[in-house]
Amino acid sequence: MSDYESRQPHERENAFLSRALSAKAARMLTDCTSDEAAAGVIDGRNDFGIDAVGFSASGSTMWLIQAKWSNKGQAGFDTAAAHKLIHGLKKLDNRDFDHFNARLQLLAERVRSVFAIPTCKIYLVVAVLGDGQLSEETESILKEAALEFGGYGRTVQHRVLNQAEFHQAVRDDLAPEPIDITATMIEGWHSRDTPYLAYDGLVCAQELATWYIAHGERLYDRNVRRSLGLTDVNQTLVASLIDDPQGFWYRHNGITVQCDKIDHEFFAQRGPSKPVRLTLHNASVVNGAQTVTSSHRAYEQNPDALVDAFVTVRIISVVDAPESFAKEITEATNTQNRMERRDFIAIDDVQARIREDLRLTLDKDYVLRRGEIDPPPAFGCSVHEAAVALACAHKDSALAAKINGTPDSVWEDGPDGVYPRLFGQQPTANEIWRSVQLIREVRDQLHRTRSMLSGRAASIADSGTLLIAHMVFQLVGADSMDGPDPEWESTLDTVGAHVESVLKQLIPLVNKLFGDGSYVTTTFTNKDRCERLVVATLRAIEDGTDTPELKQYQKPSASRSTTRSNVVPLIFDADGIAFGTELKYLPGPAETLAIGDWLDADSNRSSATWVKDRSKPLQWAVDGRHYSPTGLIRQIWREAGWEKAPGTIRGPKYWGVPDDGTLIEIADRIWQRYHADETL
């Protein structure tokens, strides 16, 4: 509230309440702490209609919140507010973070990481202290934004939180009540009472749906994490429940419920394995949240279908058990590996023959199974890398667009699936290996070029990687990809020039064809737009159409010069951070997925203090020892047990001061101030 210190008391009070409303909305939607919610509030000058930003624990979902406070409970949300919120979304999609205020810039890396996930979910949240009724025109504006942004895997939806929901959330916080649910087991169930009472049997999926209807996300209070939400549930589960309810039990794992007391009631004949209704007091689903949530989603679509669907339910009473026992159950049931579609590719005869061909023909390793360590780049590749490379090499640009939106679509089977189109006619060892080499070269070239670009141009380079690779494959030509070619290394040397040619034409064409306000991220997951871009770009290259040089889109030189290795000494010598200031770890998408739960378990793990130590200025809140920014990141990764952590990292970008930016951004401002003084 420092920006309201000079305002009138009533102005400050209203601003505080509005910001508190946006923070409360973040807590309700993300289940974060109050401190985390407060840190996500960006309301103020240059917020572009976004009052707060929230993130899911997995880092794949983001909520953009606009709050409307009313002392009389009559707040509304009109078309102007909707347009402003959508404008903020477009600014974020264009990566125009430097246009926002300092509060958003501190969250820039987390925002960027969400957009980097092909299946990201964005929610435009209307948080109003009123009835929450939107006009048809306002609804239409928000829905059009969702359609414009949505792609294969990415979605935008709007969500309204009204006065009644805020009141209910406050009541839930102040007076949480234990959950009681019933589980009706048909014949064939089993029970045991030593050392602790437990039941195991079949429960109708329709009954699971009623659990969620009655209690929602509170069902998972003792779970290591909550469900992914109704929009993130596994659609395969929902489809299976509706299309083949009787076969559901054969294809899916059961769920585990912990509770205190269990009461049983027999319907007719009493005795072991006879139909019984169990009442579970203070119950919590500790494993199988997605199954329960999917049952609810399927019930909404077709309630009658669930009558024939059953799920194995294991119920354990922990009332007389030590606290460690309940925790052990929760941890054990949530650390079992799940099967993914790729896992079944490992037993495909075609892949076995490809692995043999690569080994015998080129002496290259080919990793099939998930969990195996990928070979060093010079010695081979994984089946996933090969599949993505082959998709980009394919003459149909729709494959690159689809995989960009949904990476796992490479494993889709069936007549129109991506997998048979890539591997139906077994590619040769040369074709696979050269495709992999070429896409690696494209990625490397784009990485070098991307570091010099800013704003929308940088976003196009980021989001368009696979489509750019597809066009480079077309320029190189299919004849080079197979058979003996002594000039192949020379062909690889031309990739850099091809990437530059494509990018120079592509950047202005995105704006020309779809407008400079179009969503960049969505454009490269839309097969029709991608096809138009490919045709237009390759024709422009062939015709030699004049375009601006890439340097026109480069960052200002001063900004580029600051990203140097002396970030910490620069800040330390300039007294850029006061001793005793708290810094926060800002994990990217990979770290969030790998160690997010570990970090969330103890807030001290993400916290450090700036101390008087020029080489190791970070004092970790966990052990009190001093570290360099990079050294502390490595220590965190080690303690979290992240075995596949990157070998090369730049620590200062992972640490930031709330409301002041990352260490790199702080050093950047210091250097620019010095540079300005020197030029006077």
Side-chain angles (χ1 to χ4, degrees), residues 118-119 151-153 341-342 345 348 350-351 353-355 357-358 362 364 366 368 381-446 463-483 485 488 491-492 494-495 498-499 501-503 505-506 509 523-539 541-542:
T119 55
Y152 278 110
R341 189 176 297 272
R342 174 183 166 174
I345 301 302
D348 187 350
V350 171
Q351 295 299 331
R353 291 195 296 269
I354 289 174
R355 180 169 56 185
D357 192 14
L358 278 164
L362 301 174
K364 301 298 180 184
Y366 189 55
L368 295 178
C381 64
S382 68
V383 62
H384 183 268
E385 186 179 17
V388 173
L390 290 173
C392 291
H394 199 280
K395 61 182 179 181
D396 187 357
S397 62
L399 297 187
K402 188 169 187 178
I403 293 172
N404 194 28
T406 312
D408 284 342
S409 64
V410 295
W411 313 124
E412 287 181 356
D413 211 346
D416 299 320
V418 176
Y419 181 78
R421 297 183 70 182
L422 300 179
F423 296 102
Q425 292 185 344
Q426 182 181 327
T428 67
N430 269 325
E431 186 178 356
I432 290 176
W433 183 241
R434 288 177 182 175
S435 297
V436 168
Q437 286 182 297
L438 194 144
I439 197 172
R440 286 175 178 174
E441 190 64 32
V442 170
R443 290 184 186 276
D444 289 344
Q445 182 63 34
L446 279 174
S463 302
T465 296
L466 297 187
L467 193 68
I468 293 169
H470 169 76
M471 288 187 274
V472 172
F473 273 101
Q474 309 313 304
L475 293 172
V476 168
D479 294 340
S480 301
M481 305 308 297
D482 195 14
D485 184 2
W488 172 246
T491 300
L492 280 179
T494 68
V495 170
H498 287 318
V499 169
S501 297
V502 169
L503 201 53
Q505 300 290 346
L506 183 64
L509 277 171
T523 292
F524 292 101
T525 61
N526 183 296
K527 65 177 183 179
D528 295 327
R529 287 192 172 191
C530 284
E531 183 177 356
R532 291 180 62 187
L533 284 172
V534 169
V535 172
T537 301
L538 295 181
R539 181 183 295 132
I541 292 174
E542 183 179 356

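Numbering starts at 1 and runs along the sequence shown.
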Item to complete: To the nearest 0.5 Å, tell me how far Leu538 CG sits from Ser397 OG.
Response: 9.5 Å
Discussion item. For a quick test of reading the model, state the closest non-hydrogen atom pair linking Pro420 to Gly414 and the distance between them.
Written reply: CG-O, 3.0 Å
Response to the item:
Rounded to the nearest 0.5 angstrom, the CG-CZ distance for Leu509 and Arg532 is 10.0 Å
Fill in: Separation of Leu399 CG from Cys530 SG (nearest 0.5 Å)
11.0 Å
Practice prompt. With the side chain counted from C-beta on, respond yes when Asp357 and Tyr366 share a heavy-atom pair under 4.5 Å apart, and no when they do not.
Written response: no
Discussion item. For a quick test of reading the model, state the closest non-hydrogen atom pair linking Ala398 to Lys527 and the distance between them.
Written reply: CB-CB, 3.9 Å
Discussion item. Around atom CZ of Arg539, are there more than 12 heavy atoms from other residues, nucleotides or ligands closer than 6.0 Å?
Written reply: no
Discussion item. Are there over 12 heavy-atom neighbours, none belonging to Glu531, within less than 6.0 Å of that residue's CD?
Written reply: no
Practice prompt. Check Val534, Thr537, Val502 against Ile468 for a side chain to side chain contact (heavy atoms under 4.5 Å, CB included) and give me the one that passes.
Written response: Val502
Worksheet, complete the sentence: Rounding to 0.5 Å, atoms CD1 (Ile541) and NE2 (His498) come to a distance of 9.0 Å
Item to complete: Any chance you could measure Trp411, atom CH2, to Thr406, atom OG1, to the nearest 0.5 Å?
Response: 14.0 Å
Worksheet item: Do Asp408 and Thr119 come close enough that some side-chain heavy atom pair is under 4.5 Å?
Response: no
Fill in: Main-chain N/O of Leu466 paired to Asn404 side chain as donor or acceptor, under 3.5 Å
no
Worksheet item: Between atom CG of Leu422 and atom CD1 of Ile403, what is the distance when rounded to the nearest 0.5 Å?
Response: 6.0 Å
